[in-house]
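Below: the structure, in structure tokens.
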Amino acid sequence: MKFPRNEQEEAEGQVMKIYKESSPALETLFEWAYINHLAWSLVVVFLGVIFWLCVALVNAENQRNALLTKQCMDPIFKTELDRKCLRTVQSRDHWWQHLTYALSHLSPEK
């Protein structure tokens with residue numbers, strides 16, 4: 001079926017209008033959602049802080065246990081502490097033992 005020239009152009013115009021409206025808007029095609037970036041950044045920062053606090057807690061519990069069991073007594077002066085020993089001592093076998101003890105014993109033993 002042949003359309004006259006005017007009707008054919010009108011039909012093509014309507015098809016092109018439908019096609020144009022169905023195509024994505026190029027201005028917003030690569031838009032970023034900054035709220036997601038902020039949330040994930042906060043998650044990463046909080047995980048880093050938690051990791052840092054766990055490392056500090058393990059070190060503090062290691063030194064506390066070494067002082068409690070008197071592993072770092074100075075060999076010459078019996079009432080003094082060997083501070084070099086206190087920095088390098090391993091009072092338990094594994095780091096996770098320090099962490100679990102520190103997290104499960106919130107108040108000092110009597």
Side-chain angles (χ1 to χ4, degrees):
M1 178 173 180
K2 284 221 164 195
F3 291 111
R5 187 76 175 149
N6 249 351
E7 289 178 18
Q8 185 176 3
E9 287 178 3
E10 188 178 313
E12 285 177 3
Q14 288 176 352
V15 170
M16 291 304 290
K17 182 180 176 185
I18 292 170
Y19 175 74
K20 183 178 179 183
E21 290 179 7
S22 68
S23 66
L26 295 178
E27 296 84 27
T28 60
L29 186 61
F30 299 107
E31 187 175 308
W32 292 87
Y34 292 107
I35 296 171
N36 287 340
H37 291 287
L38 178 65
W40 283 112
S41 298
L42 287 175
V43 166
V44 169
V45 166
F46 285 138
L47 286 176
V49 168
I50 289 171
F51 176 76
W52 178 72
L53 287 174
C54 286
V55 168
L57 185 63
V58 165
N59 287 330
E61 175 57 30
N62 183 29
Q63 290 182 3
R64 188 204 66 82
N65 192 37
L67 289 172
L68 190 66
T69 56
K70 298 181 180 175
Q71 292 180 357
C72 286
M73 298 303 292
D74 195 345
I76 298 171
F77 302 105
K78 298 297 181 189
T79 58
E80 298 291 324
L81 293 174
D82 186 7
R83 296 194 188 275
K84 185 176 179 183
C85 169
L86 202 56
R87 283 192 297 269
T88 59
V89 70
Q90 290 296 323
S91 59
R92 290 192 179 100
D93 292 335
H94 300 285
W95 63 268
W96 53 266
Q97 291 173 332
H98 296 297
L99 186 64
T100 55
Y101 183 86
L103 291 176
S104 62
H105 294 80
L106 298 178
S107 61
E109 295 178 358
K110 295 181 182 182

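Nothing fancy with the numbering, it's 1 onward along the sequence.
- Cys72 places none of its side-chain heavy atoms less than 4.5 Å from the side chain of Gln63.
- Here the shortest heavy-atom pairing between Lys84 and Thr88 reads O-OG1, 3.1 Å.
- Atom OG in Ser91 sits 7.0 Å away from atom CD in Glu61 (nearest 0.5 Å).
- Residues Val43 and Phe46 have side chains not in contact (no heavy-atom distance under 4.5 Å, counting atoms from C-beta outward).
- The shortest side-chain heavy-atom distance between Asn65 and Val89 does not fall under the 4.5 Å cut-off.
- Both Val58 and Leu103 are members of a single hydrophobic cluster when ILVMFWY side chains are connected at heavy-atom separations under 4.5 Å.
- Val44 and Val49 fall into different hydrophobic clusters, defined by Ile, Leu, Val, Met, Phe, Trp and Tyr side-chain heavy atoms under 4.5 Å apart, directly or through other members.
- For the atom pair CZ (Arg64) and OG1 (Thr69), the distance works out to 9.0 Å, reported to the nearest 0.5 Å.
- Between the side chain of Lys70 and the backbone N or O of Leu67, no donor-acceptor pair lies under 3.5 Å.
- The CG atom of Leu57 lies 11.0 Å from the CG atom of Asn62; values are rounded to the nearest 0.5 Å.
- Contact record, His37 with Ser41: O-OG, 2.7 Å, taken as the closest heavy-atom pair.
- Taking CD of Gln71 as the reference point, atom CG of Asp82 lies at 12.0 Å (rounded to 0.5 Å).
- One finds the CG atom of Leu99 at 10.5 Å from the CZ atom of Arg92 (value rounded to the nearest 0.5 Å).
- Here CG of Asn59 is found 12.5 Å from CZ of Arg87. Values are rounded to the nearest 0.5 Å.
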